[in-house]
Number of protein chains: 2
Amino acid sequence: MSTGDVAVGILRRIAAEPVTRSVLAKETGLAPSTVSAKITELMDAGLVQEGGAAPSRGGRPGRLLSISYTSGRIAVISMGAKHARLGLADFSRTILCSSAIDIDVADGPERTVELLANEVRALLERDGGDLLSVGICLPGPVDAVRRVVVAPSRMPGWHNQDVGALLEKQLGVPAITDNDANMAALGEYLSRADAAANSITVLAGTGVGTGIIAGGELYRGSTYASGDITHTKVEAAADRMCTCGNRGCLETIASGAAIVRDLNQSGIKVGDIFEVLDMVRDGDPTANGAIREAGRQLGLALSTVVNFFNPGDVYLTGALSAASVYVAAVRSQLYERCLPLATAGLRVEAAQAGGEAGMIGAAELAIIHLLNQPGLPARFTEPAE
Amino acid sequence: MSTGDVAVGILRRIAAEPVTRSVLAKETGLAPSTVSAKITELMDAGLVQEGGAAPSRGGRPGRLLSISYTSGRIAVISMGAKHARLGLADFSRTILCSSAIDIDVADGPERTVELLANEVRALLERDGGDLLSVGICLPGPVDAVRRVVVAPSRMPGWHNQDVGALLEKQLGVPAITDNDANMAALGEYLSRADAAANSITVLAGTGVGTGIIAGGELYRGSTYASGDITHTKVEAAADRMCTCGNRGCLETIASGAAIVRDLNQSGIKVGDIFEVLDMVRDGDPTANGAIREAGRQLGLALSTVVNFFNPGDVYLTGALSAASVYVAAVRSQLYERCLPLATAGLRVEAAQAGGEAGMIGAAELAIIHLLNQPGLPARFTEPAE
DNA sequence: AACAGTTAGTTCGCCATCGAACAAAGTATG
DNA sequence: CATACTTTGTTCGATGGCGAACTAACTGTT
């Protein structure tokens, strides 16, 4: 009674929404007979149940299938340098509840993970459900094979740390770890029914990072370092020294941190990028101009990458993407600077999944990881018995 | 007796070099029994024969398998604006013979394809073999699904032309078409035993284009326009008007055409980039400086793309890559400008396949296309009977 | 020379999936 | 209301590939 990959795919489709066997067959491309066989197997295992009838479409109505064990939960964590957002998701990647806590990466991995685990437990206590797996987005490069953080500029003291292992020790369930921009790219890709097979997702908050979907798959690069765009040279930053050691990097003028610093230097006191965005909402022209200029500079740097990668979609997420002036600035730069063939059919939009994109991506990877573990059916049914 | 994809893979491996069944099993990952079954099938069909014994490696020696029909030929064409290189390849993608002819894209597709087809026929007459398929590299974007040339800046009058159909009409065999840089990227990837799964191949001649391999597959982008890098903005070109309508594009200073123009403007008369390369070989300091500077500028533009895409390898091909000073300039810029994590393990090298990379890639796609046509075994054995 | 060890290739039963034919359960129409 | 049509789901052989156990053919050692 091995639950192979095919059964897992079917299971996940059913988890997303009750469907009939024939719909499953059409969507997965499997033969109707194969789907029926798998469903029988899953029903025998107690994972799937037959619900009501689907509305007839001119013929015999289908029977809807649904997951019989619905209390399984995936914890997802989106970590920043000072804050973390946490949530609980089900097998359809729906974020059922969420919360936010203050942390400080300077406390180091052990202490930080302990705080995060405590909050996950608090969420579970409040909302119920059985924790099955956990996924976490980190603001730095993550070696997905060795599962360790690599040379994180914003997380000193976390180098070569296996955050997944720490989480597993705390929570007792399998954990996965990845870069926040990668997770956001995956989450946004999954959230859209009409997503292009190739896309770039920009996560613009305190820093700026991008995640890449190539051919419908998350692309991580040869050393898990793909998606950097903040060290593109832009003229407007020519004289600015960057933390990377070079001059002229985008990061020095278009990141949330740079915007805040520049505004403070010109006499407008702001604490963080969220305050700047509040000012934009209140119609402050200086803040508006700063955000627009950041968008223009990002668009300029992105134009090189769009010409090269030729994506179908560019998604903007993170704090800055909430400002429509930012999205508009990026879009207009791309349409102006890129080649006609690259902009033909190119969409440049704020992410539909918004701030949840990263958590949705984390849920996806955590679910895949969970379902690839041996002894799955037991894990699924155990808590229900 | 359907010759499925598995049999095709086995057939191609044998075509590359006689191998034993056990080697096939190890390389393809198939079960030994499956390989044996397929071989029996292929031998029954007369496509494969058993040759001598392989040297024993401490146990029972294997029996070598080879293709019994070896006269099949794939014509490959690498087309420029003024010249074309042609060749004949076998099923192992080995270029058996080649030639070059002068053409002029201004003559239009019909006339040009006629000239190319004539030369293919001349090659076949001289070297023998049965023409089975043809692949052509074009110096512009090619929609690989609709198989037509799209908005080719260097080929006015070729827009929306189906060059493959014209070739098929002339030569009577299936044809495939793709962009020259894509083909070069594929060819170089296939030529290297140790190729990284993600790579960028730069084709630098009169113009500059790149081809992308992502996850071991040729990546073409959402509108078959991927790989453009010549319209990256570089400071040194700030005041130069580009054909694309913007200013500051790399193309205006680092392409072969730009180098030739600049040298002529400074009083050094040269006809084309090959003359400049000859001067470099002869130790001319001005030519040397020009090539080096072009390499530096390319390296600068590439650094953005390498940070973003994080490839394992960067291959340089095309006329300019013959100058070691060019390769060195690109390499040093990348190592200096890119992030440490992106350069960790990054190789920057002249292409091993050299000028043949494009033709090898074209052979690969033509072979795949041929083997995916229905009625394959007949086509294979027909001429031998 | 005998025998252990190693590698090559085959036989045969198992399993997953496919696809064609069929049964089931509805809707539309005369 | 009977009949044709449509869609859903099942039954049942056919097929492709896997893998364990086996036979085959060689090398090296005692």
Side-chain angles (χ1 to χ4, degrees), chain A residues 1-14 17-45 47-68 371-372 374 376-377, chain B residues 1-14 17-45 47-68 371-372 374 376-377:
Chain A
M1 200 168 293
S2 83
T3 309
D5 282 349
V6 173
V8 167
I10 290 176
L11 201 57
R12 298 206 50 202
R13 180 62 188 87
I14 295 173
E17 174 196 16
V19 283
T20 65
R21 290 171 180 79
S22 74
V23 168
L24 284 171
K26 263 163 214 154
E27 289 187 359
T28 59
L30 295 168
S33 51
T34 307
V35 172
S36 278
K38 292 292 164 194
I39 293 299
T40 308
E41 197 179 298
L42 289 170
M43 283 174 59
D44 286 350
L47 306 181
V48 165
Q49 61 190 2
E50 233 167 26
S56 163
R57 292 187 296 135
R60 168 177 171 176
R63 279 166 284 166
L64 289 172
L65 300 161
S66 58
I67 298 283
S68 53
L371 297 184
N372 283 336
L376 158 68
Chain B
M1 201 171 289
S2 82
T3 309
D5 281 348
V6 173
V8 167
I10 290 175
L11 202 57
R12 298 205 52 203
R13 180 62 188 87
I14 296 173
E17 174 197 16
V19 284
T20 64
R21 289 172 179 80
S22 74
V23 168
L24 284 172
K26 264 165 212 151
E27 289 188 359
T28 61
L30 295 168
S33 52
T34 307
V35 172
S36 278
K38 292 292 163 193
I39 293 298
T40 307
E41 197 179 300
L42 290 169
M43 284 175 59
D44 286 349
L47 306 182
V48 165
Q49 60 191 1
E50 232 167 28
S56 163
R57 292 187 295 134
R60 169 177 171 176
R63 279 165 286 164
L64 289 173
L65 300 160
S66 57
I67 298 283
S68 53
L371 297 184
N372 283 336
L376 158 69

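So you know, we letter chains A, B, ... as the sequences are listed, proteins then strands, and number each from 1.
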Problem set entry | Separation of C/dA16 C1' from A/Ile39 CD1 (nearest whole Å) | 16 Å

Problem set entry | Distance, rounded to the nearest Å, where A/Glu41 contributes CD and C/dA16 contributes C1' | 10 Å

For this session: Using whole Å, report how far CZ of A/Arg21 lies from P of C/dC18.
Result: 17 Å

Exercise. Quick one: on DNA chain D, does A/Thr40 or A/Gly58 contact a more 5' nucleotide (nearest heavy atom)?
Worked result: A/Gly58

For this session: Would you mind classifying the nucleic acid contact of B/Ser56 as base, sugar-phosphate or nothing, using non-hydrogen atoms under 4.0 angstrom?
Result: sugar-phosphate

Exercise. The side chain of B/Arg63 lies closest to which of these nucleotides: C/dT17, C/dG26, C/dG9?
Worked result: C/dG9

Exercise. Are A/Thr20 and D/dG9 close enough that a side-chain N or O sits under 4.0 Å from OP1 or OP2?
Worked result: yes

For this session: Could you check which of D/dG19, D/dA24, C/dC18 has an atom nearest any side-chain atom of B/Ala31?
Result: D/dG19

Problem set entry | Between CG on residue B/Leu11 and CD1 on residue B/Ile39, distance to nearest 0.5 Å | 8.5 Å

Problem set entry | Atom-to-atom span, CG of A/Leu42 to C1' of D/dG9 - whole angstrom | 16 Å

For this session: Keeping the roles fixed (side chain from A/Ser66, backbone from A/Gly51), state whether a donor-acceptor pair exists under 3.5 Å.
Result: no

Exercise. For the pair made of CG in A/Leu65 and P in D/dG9, what is the distance, rounded to whole Å?
Worked result: 7 Å

For this session: Take atom CG of A/Leu64 and atom P of C/dG26, then tell me their distance rounded to the nearest Å.
Result: 14 Å

Problem set entry | Pairwise side-chain contact, B/Leu65 with B/Leu42, heavy-atom cut-off 4.5 Å (strictly under) | no

Exercise. Is there a donor and acceptor pair closer than 3.5 Å between the side chain of B/Arg60 and the base of C/dA8?
Worked result: yes

Exercise. Would you say B/Thr34's side chain and B/Leu30's backbone share a donor-acceptor pair under 3.5 angstrom?
Worked result: no

Exercise. At under 4.0 Å between heavy atoms, what does A/Ser36 touch on the DNA or RNA strands: base, sugar-phosphate, or nothing?
Worked result: base

Problem set entry | Rounded interatomic separation in angstrom, taking CG from B/Leu24 and P from D/dG17 | 14 Å

Problem set entry | Nucleotide nearest B/Thr34 when distance is taken to its side chain, options C/dG9, D/dC18, D/dT11 | D/dC18

Exercise. Is there a side-chain polar atom (N or O) of A/Ser22 under 4.0 Å from OP1 or OP2 of D/dT7?
Worked result: no

For this session: Ignoring backbone atoms, establish whether B/Ser33 has a side-chain N or O less than 4.0 Å from OP1 or OP2 of C/dT10.
Result: no

Exercise. Counting any heavy atom closer than 4.0 Å, what does A/Gly62 reach on the DNA or RNA strands: base, sugar-phosphate only, or nothing?
Worked result: sugar-phosphate

Exercise. Want to settle it: does A/Leu30 or A/Arg57 sit nearer the 5' end of DNA chain C, counting the closest nucleotide to each?
Worked result: A/Leu30

Exercise. In whole angstroms, how far is the C1' atom of D/dT8 from the NZ atom of A/Lys26?
Worked result: 9 Å

For this session: Answer yes or no: is there a donor N or O on one side and an acceptor on the other, between the side chain of A/Ser68 and the main chain of A/Leu47, under 3.5 Å?
Result: yes

